[in-house]
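Before any comments, here is the structure.
Computation of the quantities below employed the complete heavy-atom set of this structure, encompassing side-chain atoms and omitting hydrogens, waters and symmetry-equivalent molecules.
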Amino acid sequence: QVELVESGGGWVQPGGSLRLSCAASGFTFSMYAMGWYRQAPGKERELVAIIGTSGGSTNYGDSVKGRFFISRDNAKKTVYLQMNGLKPEDTAVYYCHIERAWDWATTWGQGTQVTVSS
């Protein structure tokens, strides 16, 4: 079955860094663009970053441009999100997503919590 497992979240002080990982299984990983999204309490889920199938094309939400970087390793079937210069407003649950899998029942991971505070 399709499965996405996020990891790497935790607590960090403002200005710190974290790297999130999303391990994928149950589908041909290299055929799909992948994305990271986040959702803070009381807010709608928002796009953080998307990466194309080979890693050569990326898009970022305006609030994270220049600070966050998405990458993927197709051999390891894993997508990463390097987060630098973290701010309290980055606090959210971060979710991994399979892009363009329109008819799939499962396209989201369960999420990993990132908390940025002093």
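- The two residues Trp11 and Ser117 make their nearest non-hydrogen contact at NE1-OG, 2.9 Å.
- Put simply, the side chain of Asn74 gets close to the backbone of Thr53: a donor and an acceptor are under 3.5 Å apart.
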Note to self: Using side chain to side chain contact (heavy atoms under 4.5 Å, CB included), reason through Ser30 and Thr28 one step at a time and then give a plain yes or no.
What the structure shows: CA-CA 6 Å; Ser30 63; Thr28 306; 4.0 Å; yes
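- Atoms OG and CG, from Ser21 and Asp73 in turn, are 10.5 Å apart once rounded to the nearest 0.5 Å.
- A continuous path of ILVMFWY side-chain contacts below 4.5 Å connects Ile70 to Tyr32, so both sit in one hydrophobic cluster.
- Taking CG of Leu18 as the reference point, atom CE of Met83 lies at 4.5 Å (rounded to 0.5 Å).
- Minimum interatomic distance between Ala24 and Phe29 (heavy atoms only, all atoms of both residues): CB-CD1, 3.5 Å.
- Residues Val79 and Ile51 share a closest heavy-atom pair of CG2-CG2, 4.1 Å.
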Next item on the list: Given side chain to side chain donor-acceptor pair (under 3.5 Å), test Asn84 with Ser17 step by step and report yes or no.
Entry: CA-CA 4 Å; Asn84 302 316; Ser17 298; 3.0 Å; yes
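- More than 12 heavy atoms of other residues, nucleotides or ligands shown are found within 6.0 angstrom of CD on Glu99.
- Arg45 forms a cation-pi arrangement with Tyr95, by the criterion of a distance under 6.0 Å to the ring centre and an angle within 45° of the ring axis.
- In this structure, Val5 and Gln110 have side chains that are not in contact, with every pair of non-hydrogen atoms separated by 4.5 Å or more.
- The side chain to side chain donor-acceptor pair (under 3.5 Å) check on Arg67 picks up Asp90, with sequence neighbours excluded.
- At a threshold of 4.5 Å between side-chain heavy atoms, the hydrophobic network of Ile, Leu, Val, Met, Phe, Trp and Tyr places Leu86 and Leu20 in one connected group.
- The shortest non-hydrogen separation linking Leu81 to Ala49 is CD1-CB, 4.3 Å.
- For the residue pair Trp108 and Leu4, the shortest heavy atom distance occurs at C-CD1, 3.9 Å.
- Transitive grouping of hydrophobic side chains (ILVMFWY, heavy atoms separated by less than 4.5 Å) keeps Val93 and Met34 in distinct clusters.
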Notebook entry, point to check: Stepwise, does the side chain to side chain donor-acceptor pair (under 3.5 Å) test hold for Thr112 with Arg38?
Noted result: CA-CA 9 Å; Thr112 185; Arg38 68 186 183 186; over 6 Å; no
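- Other residues, nucleotides and ligands contribute at most 12 non-hydrogen atoms within 6.0 Å of the CD atom of Glu44.
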Note to self: Could you go through Phe69 and Trp36, starting from their C-alpha distance and side-chain angles, then the distance that decides it, and tell me whether this counts as ring-ring contact (aromatic ring centres under 6.0 Å, His included)?
What the structure shows: CA-CA 10 Å; Phe69 302 92; Trp36 284 99; over 10 Å; no
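- Using bins of under 30°, 30° to 60° and over 60° for the plane-to-plane angle, the ring pair Tyr94/Phe68 lands in the tilted bin.
- Applying the salt bridge (Lys or Arg N to Asp or Glu O under 4.0 Å) test to every pair with at least one member in residues 75-88, sequence neighbours left out, gives no pairs at all.
- Among Val48, Thr107, Leu47, the single residue meeting the side-chain contact (heavy atoms from CB on, under 4.5 Å) criterion with His97 is Thr107.
- Summarising the geometry of Gln113 relative to Ala92, their closest heavy-atom pair is NE2-O, 3.4 Å, with the distance given to 0.1 Å.
- The backbone N or O of Ser25 sits nowhere less than 3.5 Å from a side-chain atom of Glu3 that would complete a donor-acceptor pair.
- Residues Ile98 and Val2 have side chains in contact (heavy-atom distance under 4.5 Å, counting atoms from C-beta outward).
- Judged by the 6.0 Å and 45° rule, Arg19 forms a cation-pi pair with Tyr80.
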